[in-house]
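Read the structure below first, then the notes.
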Amino acid sequence: MSGSSEREELDVTPEEREALRYLGTAPEPAPGVGARDRARASFLTGAPDSIVVPIPSRKSLLRRFAPLAAAAAIAGLALWGTIPTDVWTVVDSAGDVAFAGRPASAGADFTSGVVETGPDAWMEARLGDRLRIYIRPDSRVSLPRGPGRWFGRRRTLHVATGEMLASSGHRPLPFTLGIDTSVATADILGTTFAVRRNDLGTCICLLEGAVNVHCDQGEISLPVRQRLQVYEDGRKPELQNLDPRELAMLERLYAAETSEATP
Amino acid sequence: MTRESDGPPPAKEGLDRETLCRVRDREPAAMNRFFDAYFDRVHAYVTRLLRDATLAEDLTQDAFVRMHGALDRLDPDRDPSPWVFTVVTNTVRDYWRSRLHRTNGMNVSLDDAWDVAANSEQSSPERDLLRKEAAAEVREALGRLSPADREILLLRSFQNLRTAEVEEILGISADAVRQRYSRAIKRLGVAYRELHGRNQVSA
């Protein structure tokens with residue numbers, strides 16, 4: 001046999017040769033009764049009968065499914081992390097106010113949408129317990145979805161017309177709020193500020209916190225208790241002190257947020 | 001040294017190319033012939049690997065189920081032995097890797113599947129006894145080896161498969177086959193020597 005011929009090449013001792021001889025010549029063990037027939041039936045049909053099915057070990061199962069499980073977990077976490085943790089809740093309103101095309105009545109919840117206030121109308125709303133806003137008459141403001149748990153931590157609202165005041169009380173915002181107007185954008189880190197569109201352009205008022213304004217003239221860090229007027233005609237933005245009305249409104253909003261009482 | 005042929009080997013076990021084609025097409029009559037040609041060899045190989053007769057029967061059956069499923073890969077132009085023992089070896093390896101194997105424990109029982117029957121009418125009682133004792137010692141020595149050593153010894157020495165065939169079954173190079181086989185023989189020899197020397201009155 002070719003197998004034994006190949007074996008001749010090996011350097012084997014007499015004992016090893018003897019062991020191999022017995023290994024090669026030992027009679028074959030006889031199968032039990034029925035074993036042959038069961039195996040034949042299984043071979044012909046491809047169907048197992050009562051057979052031992054190797055059960056993959058936990059380790060091999062883990063190894064096999066770990067990448068898939070990890071990917072699913074990451075995807076799930078990412079998805080969960082993007083789900084908004086808060087919604088806009090209307091605290092109070094008066095007059096003709098619509099939020100996402102629906103009447104903005106007190107207690108109503110909205111995920112996001114455009115707020116439109118008619119003449120003599122206003123709306124106050126909260127984003128969870130993070131931010132309180134006050135939208136004055138004749139305003140059109142787009143409110144974004146709330147920030148996600150880990151992702152989507154920057155949200156931008158648009159002030160098309162009118163005025164919006166906002167306050168996170170004495171706490172900085174836990175996310176970055178961007179303000180977008182036609183002539184300027186601002187990054188709001190908190191806490192109490194106002195954005196007003198007027199005939200001249202956009203006015204951003206800050207009572208407390210930090211606001212960075214970006215405009216054609218560059219980036220300006222707004223000092224507290226001051227306002228920045230950004231002009232549509234391209235004039236250089238002007239820093240001014242808050243006027244009494246603005247100060248009063250912002251302080252009232254700040255007080256409302258910190259005491260959880262409506263103005 | 002015997003030179004291994006480059007072309008397809010002559011038909012083994014009475015299975016010519018036409019029969020193997022019909023086996024691959026799952027024709028019952030051809031499959032029966034194929035089964036009869038290989039069952040005893042497969043069963044003996046599995047029994048010696050596992051050293052448990054009941055388990056060997058079950059895994060032999062499992063191996064034939066797998067062969068049924070893999071018939072599309074049977075090449076009628078080649079000796080089917082490497083293909084058969086590849087399926088069988090993988091079946092046993094899957095069992096070794098399984099939790100069931102660890103639950104049962106390794107080398108559960110020294111089964112009497114390797115009992116040496118009286119060889120021939122012309123043998124003497126003394127010769128039969130010596131053969132029986134030697135065979136038992138070799139069996140026990142084999143049981144002391146690792147599954148990998150047992151595997152290669154049984155494929156090369158018991159099944160008398162060529163290096164190229166074992167290479168294909170185990171998925172290793174020809175040099176690795178020779179190396180592993182050589183080492184396995186040495187280890188078998190050491191184990192056999194210990195057992196044989198212990199049973200001898202004088203060394």
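Proteins come first, then strands; the chains are lettered A, B, ... in the order of their sequence lines, and each starts at number 1. All values below come from the heavy atoms of this structure, side chains included, with hydrogens, waters and symmetry mates left out. As the structure is a computational prediction, the values presented were derived from the model and not from experiment.
- In this structure, B/R26 places its CZ atom where more than 12 heavy-atom neighbours from other residues, nucleotides or ligands lie under 6.0 Å away.
- Using the six-membered ring where Trp is involved, A/F43 and B/F34 have ring planes that are parallel, under 30° apart on the 30 and 60° scheme.
- The minimum heavy-atom distance linking B/F39 with A/P31 is given by the pair CE2-CG, 3.7 Å.
- Considering every non-hydrogen atom in both A/L44 and B/P28, the closest pair reads CD2-O, 3.9 Å.
- Remark: B/T60 OG1 to A/R38 CZ distance equals 10.5 Å, nearest 0.5 Å.
- The minimum heavy-atom distance between A/A39 and B/F64, with the atom names listed, is O-CB, 4.1 Å.
- Contact check for B/H68 versus A/T45: no side-chain heavy atoms found under the 4.5 Å cut-off.
- Using a 4.5 Å heavy-atom threshold, the side chains of B/F35 and A/R36 count as touching.
- Between A/S42 and B/V65, the closest heavy-atom pair is CB-CG2, 3.4 Å.
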